[in-house]
Amino acid sequence: MKKQELPITSFTEYLNTLNNNTLHHAFLLAGREGLGKGFFAKYLSKTILCPNASNMKACDSCTSCSLFESSNHPDLHEIYPEKEKTDDF
């Protein structure tokens, strides 16, 4: 029987998985508004997509980073929740 892994609970632990090449296939980011979930998701995505990333940081100068910054990277798909519809009377 395989031992169940504990969930990763901090930003530092996420970065360590990236640095150790043990990145999980998916992350569920949950918490109240303003915690930095969106920032973390974009930071991690950019670092993963950058071919010149080192020390857990994207280079910010390659084509991949430029495409990412302009939201035109072919491997980046951002999904946002629909805005709640309200009935206007």
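In this chain, numbering begins with 1 at the start of the sequence shown.
- Leu44 and Leu35 are assigned to two separate hydrophobic clusters, defined by single-linkage of ILVMFWY side chains at heavy-atom distances under 4.5 Å.
- Looking at residues two or more places apart in sequence or on another chain, you find a side-chain hydrogen bond (donor to acceptor under 3.5 Å, both in side chains) between Ser64 and His73.
- Between the side chain of Lys37 and the backbone N or O of Arg32, at least one donor-acceptor pair lies under 3.5 Å.
- The SG atom of Cys65 lies 7.5 Å from the CG atom of Asn52; values are rounded to the nearest 0.5 Å.
- The minimum heavy-atom distance linking Cys50 with Cys59 is given by the pair SG-N, 3.4 Å.
- Distance check, rounded to the nearest 0.5 Å: CZ of Phe68 to OG1 of Thr63 gives 15.0 Å.
- Counting all heavy atoms, side chain and backbone alike, Thr47 lies closest to Ala58 at OG1-N, 3.9 Å.
- In this structure, OG in Ser45 is found 12.0 Å from OH in Tyr43, a value given to the nearest 0.5 Å.
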Pair Leu76-Lys46, side chain to side chain contact (heavy atoms under 4.5 Å, CB included): steps then yes or no
CA-CA 9 Å; Leu76 176 67; Lys46 186 175 181 180; over 6 Å; no
